[in-house]
Each structure stands twice: as C-alpha cells, then as structure tokens.
Protein chains: 2
Amino acid sequence: MGRPSRRADALSRERIIAAAITILDTEGERALTFRTLAATLATGPGAIYWHVANKKELLAAATDALVAEATGAGPTRATPHERIRRVALGLFDTIDAHPWIGSQLSQEPWQLASMRIVEALGRPLDDLEVPAERHFHVVTALASYVLGAAAQNAANARHAPRDTDRDTALSAIARQWAELDEAEFPFVRRIAAQLPGHDDREQFLAGIDLVLGGITRE
Amino acid sequence: MGRPSRRADALSRERIIAAAITILDTEGERALTFRTLAATLATGPGAIYWHVANKKELLAAATDALVAEATGAGPTRATPHERIRRVALGLFDTIDAHPWIGSQLSQEPWQLASMRIVEALGRPLDDLEVPAERHFHVVTALASYVLGAAAQNAANARHAPRDTDRDTALSAIARQWAELDEAEFPFVRRIAAQLPGHDDREQFLAGIDLVLGGITRE
DNA sequence: ACCTGAACACCGTTCAAGT
DNA sequence: ACCTGAACACCGTTCAAGT
C-alpha cells in the first residue's frame with residue numbers, strides 16, 4: 001500500500017541497497033564509495049543521503065537484507081539437529097558468496113542481522129530437549145562458532161589470489177606451514193598435511209556437529 | 001646483537017607499533033592516523049613508511065605483538081582441557097582489553113597471529129587422545145569459536161555507551177528484545193530475560209566446554 | 001519532497017629534498 | 001640510512017541551491 005513513486009527510475013532505499021550489494025559483490029568492499037554508488041545510480045552523492053543516514057547504516061541494511069533471506073523460511077519438517085545444520089550452512093554459503101558480510105557481522109553486534117541469526121539457530125532448541133535455562137548459553141555458543149567460522153572463510157575468500165585455483169593456493173600455504181620453526185610451531189607443522197584437499201563446507205558442518213554433540217551430551 | 005641506534009629517541013618499528021597500540025587502546029580505531037601517529041612520535045607521516053610498509057602491516061604487527069604475548073608461555077602442568085581453557089581465556093581477555101584486535105583477526109586470516117592461536121589451542125590435543133587425523137578438524141572448530149566469541153565481545157565493548165554501566169546497558173537491550181514481534185522473534189523474546197546478569201567470561205568458557213565436550217564425546 | 005554538485009575536512013601514501 | 005613535510009589522489013559528509 002506504499003504510495004507509488006512518480007518515476008520508475010526514482011531513487012529509493014531499496015534501489016540504493018541493491019546497487020550497493022552489486023558493487024560490494026563484484027568490485028569488493030573498497031570499491032563501494034558514495035561517488036561510485038551515485039554514478040551507478042546516475043545521481044550525485046548527496047542524493048543518497050536523503051534515503052540513507054550514512055555508510056554504516058547502508059552496510060548494515062545490505063547485510064540485513066541478505067541475512068534475512070538466508071535465515072528466512074526453510075522447509076520445517078526435519079529433526080532439530082538437521083534444522084540447525086541447515087540454517088548454519090545457509091549462512092555459511094551466503095557469507096561465502098558475499099564475503100563482505102563476514103566483517104560486517106563481527107563489527108555491528110546487536111544489529112538486526114545478528115538477531116535473525118540467533119532466532120534461526122535458537123528456535124530448534126526447544127525440540128532438542130535443551131532446558132530453557134540453557135538456551136541463551138547454547139545459542140550464544142552456536143552463533144559464535146557460526147560467525148567465527150564464516151568470518152574466517154570469508155577472509156580467506158577475500159584474500160585468495162584471483163588467478164590461482166583453490167588447490168594450488170592451499171598447497172602453497174601447507175608448504176609454508178611445513179617449513180615453520182619446529183620449536184615454535186610443532187602443531188601447525190604437523191597438521192599442514194591435512195590442509196590441502198579438505199572441504200570447507202564439510203569442515204564447517206563438522207564443527208557444528210561438535211558443538212551440537214556437546215549440547216546433547218548429558 | 002642488533003646494532004645500536006644512535007639516538008635513544010630514534011624511530012624504530014617497535015616504537016611505532018607501541019605508539020599505535022596506545023592510540024588504538026585509548027582513542028579507538030578511528031583515531032589511528034599516520035598523522036596523529038607521526039605527531040605522537042614527533043615526526044612527519046612519511047618517516048613511518050621507512051619502518052612499516054603501510055597501515056595494514058602496522059595493524060597486523062600490533063595484533064601479532066599482543067597475541068604472541070597472550071599465547072606465549074603459560075605454566076604447563078595441567079590437564080589438556082585446562083590448558084585449552086587457559087589459552088582461550090587469555091585470548092578472550094586480551095581481545096577484551098584491546099577490542100580492535102577482534103576485527104583485525106577476522107580480517108587477515110593466514111597471518112602470524114592466527115597461526116599462534118592455532119598452535120596454542122592445538123598443542124594440548126595430543127594429550128587429549130584425539131586421533132591425529134582429526135586434529136586439523138578440531139583445532140579449526142576451536143579457533144572459530146574462540147575468534148567468533150571474542151570478536152562479538154569486542155564489538156559489544158566497542159559499542160557500549162561510555163557513560164552507562166554494563167548492567168543498565170544489558171537491561172536496556174533485554175527490554176528491547178522483549179518488545180520484538182512475537183511472530184518473528186519468539187526465541188529471542190524468550191531468552192531476553194537471561195541477558196542481564198550473565199558473566200561474559202563464564203559464558204565464553206561454557207562454550208569452550210561445549211566444544212570440548214563434543215570432541216571427547218565418543 | 002527530493003535531487004544536484006560544489007565544497008569542507010579529512011584520509012593513506014608518495015617523493016623530492018634534506019641530513 | 002634515515003627523516004621531513006608538502007603534495008597527490010582520494011574519501012565521507014554537508015549544504016545552499018534548485019525542481
């Protein structure tokens with residue numbers, strides 16, 4: 001029931017956010033500028049400020065839009081465990097596709113997006129027979145793991161050289177790890193061999209299972 | 001055995017990093033500028049570039065210095081479980097005291113600081129009777145949780161209003177949560193009551209125990 | 001009500017010139 | 001070898017002026 005804009009190409013909060021997401025995804029975080037954004041929208045930088053308070057709010061809104069999509073809906077007839085895995089994996093994939101969300105989420109904590117994540121991860125806990133007093137506890141641990149893992153993965157995605165493929169990149173890091181000082185980094189040296197060939201999503205889900213294993217233990 | 005500087009107040013990488021940490025801690029991330037830093041060191045901005053490649057490297061070096069301190073040494077005669085808790089809590093406290101580390105760690109993944117964390121968290125795994133093939137797996141999960149939780153906590157610390165104390169701030173958020181739309185956020189509404197009065201460090205350690213519980217489960 | 005674009009107050013970084 | 005500081009190429013944000 002919103003009043004219609006006079007022109008189809010009129011500026012709007014939604015169009016600004018959509019354009020920002022496109023720039024962030026295709027050109028990277030550093031490329032998002034009020035000038036480039038204004039150029040994309042065929043207007044001046046000042047015009048954007050009529051619809052959006054500032055850059056921080058713009059980034060928060062862009063993050064929220066994608067997180068809302070990732071946590072929304074979902075077919076519900078599944079075990080609680082399975083539902084949590086589904087939400088977590090959805091978030092992982094969203095952050096992987098839009099790596100800039102990773103740094104965003106760990107910077108603005110009580111924002112709407114974080115609340116959506118807590119809600120989506122927490123709702124299945126009732127059916128998991130976790131006592132209500134522990135819900136806050138447990139959902140915090142789950143969310144911390146999900147956000148931490150996703151942020152790490154996003155950072156990796158951001159820093160991966162464009163021209164080399166994943167396997168050779170991982171092998172290069174593994175080789176680097178294997179050459180570390182034995183006295184200072186014995187553990188990292190030893191696990192270097194396990195680095196190439198691992199699957200990020202599998203690894204992520206294994207961590208979820210670890211946490212869930214701890215939850216349903218007693 | 002490094003050759004001595006001629007003047008005691010000569011610029012050096014160490015002095016620059018120390019000055020940067022002081023500014024970051026006392027004035028916040030936004031206040032760290034090559035100009036303010038240069039002013040603090042009584043020199044011009046260009047001088048800093050002789051010792052440090054750029055701002056990114058400076059932040060990485062500052063982070064590494066503090067993480068090295070947090071993960072270094074530690075009395076060793078304790079159970080593996082206890083050693084992991086100790087390392088994790090040390091990191092938590094360090095990030096709590098220097099919140100800017102939080103965002104730093106989730107932005108530069110394969111940097112030295114992350115490797116120190118992996119090493120410190122992973123070394124006790126041998127004695128925890130975790131099979132070697134799972135070490136990479138398990139240490140990744142632990143590190144993700146630690147970094148995620150610490151980043152969240154750091155973000156909270158950064159955004160807390162200066163003049164209000166913790167209790168009233170938490171109560172305000174709890175009230176806000178309790179007023180959310182029941183249809184959209186039933187879970188968050190319900191756990192709102194558990195928000196005030198919780199202890200961040202306890203909550204953090206409980207999460208560690210959850211993950212460790214999952215590890216030693218089978 | 002909404003848009004324009006010049007202008008303000010900054011940044012990180014470079015570089016010729018000094019010692 | 002190391003330092004100086006002006007200058008370059010940008011930023012986010014504001015605001016008088018327009019429609």
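Here the structure is a predicted model, which is why all the values come from computation and not from measurement. Side chains included, hydrogens not; waters and symmetry mates left out as well; all remaining heavy atoms used. So you know, we letter chains A, B, ... as the sequences are listed, proteins then strands, and number each from 1.
For A:Leu32 and B:His51, each mapped to the nucleotide of DNA chain D holding its nearest heavy atom, the one lying further toward the 5' end belongs to B:His51.
Atom-to-atom, OH of B:Tyr49 to C1' of D:dG5 comes out at 14 Å; the value is rounded to the nearest Å. C:dC11 atom P lies 9 Å from atom CZ of B:Arg30, rounded to whole Å. The distance between atom CZ of A:Arg35 and atom P of D:dC10, rounded to the nearest whole Å, is 10 Å. Here the C1' atom of nucleotide D:dT13 and the NZ atom of A:Lys56 are 15 Å apart, to the nearest Å. For B:Lys55 and D:dC11, the NZ to C1' distance is 12 Å, given to the nearest whole Å. Note: CZ (B:Arg13) to P (D:dA1) measures 18 Å, nearest angstrom. Atom pair A:Ile48:CD1 and D:dG12:P shows a separation of 10 Å (rounding to whole Å applied). To the nearest angstrom, C1' of C:dC2 lies 14 Å from CZ of A:Arg15.
Under the Watson-Crick or G-U wobble criterion, with both distances below 3.5 Å, D:dA9 is left unpaired in every strand shown. Remark: C:dG18 base-pairs with D:dC2. Criterion, Watson-Crick or G-U wobble with two distances under 3.5 Å.
Comparing atom distances between the A:Pro45 side chain and each of C:dG5, C:dC3, C:dT13 picks out C:dG5 as nearest. Of the candidates D:dG5, D:dG12, C:dC3, the closest approach to any side-chain atom of A:Phe34 belongs to D:dG12. Closest to the side chain of B:Thr33, from the set C:dA1, D:dG12, C:dG12, is C:dG12. Side-chain proximity of A:Asn54 to D:dT13, C:dT13, D:dC3: nearest is D:dT13. Comparing C:dA1, D:dA6, D:dT13 against the side chain of A:Trp50 picks out C:dA1 as the nearest.
Here the side chain of B:Arg189 pairs no donor or acceptor atom with the backbone of B:Trp177 at under 3.5 angstrom.
Rounding to the nearest 0.5 Å places CG of B:Leu24 at 7.5 Å from CG of B:Leu58. Annotation: the span from A:Asn156 atom CG to A:Asp200 atom CG amounts to 7.0 Å, rounded to 0.5 Å.
The aromatic ring centroids of B:Phe92 and B:Phe204 lie less than 6.0 Å from each other. A centroid separation of 6.0 Å or more is found between the aromatic rings of A:Phe136 and B:Phe187.
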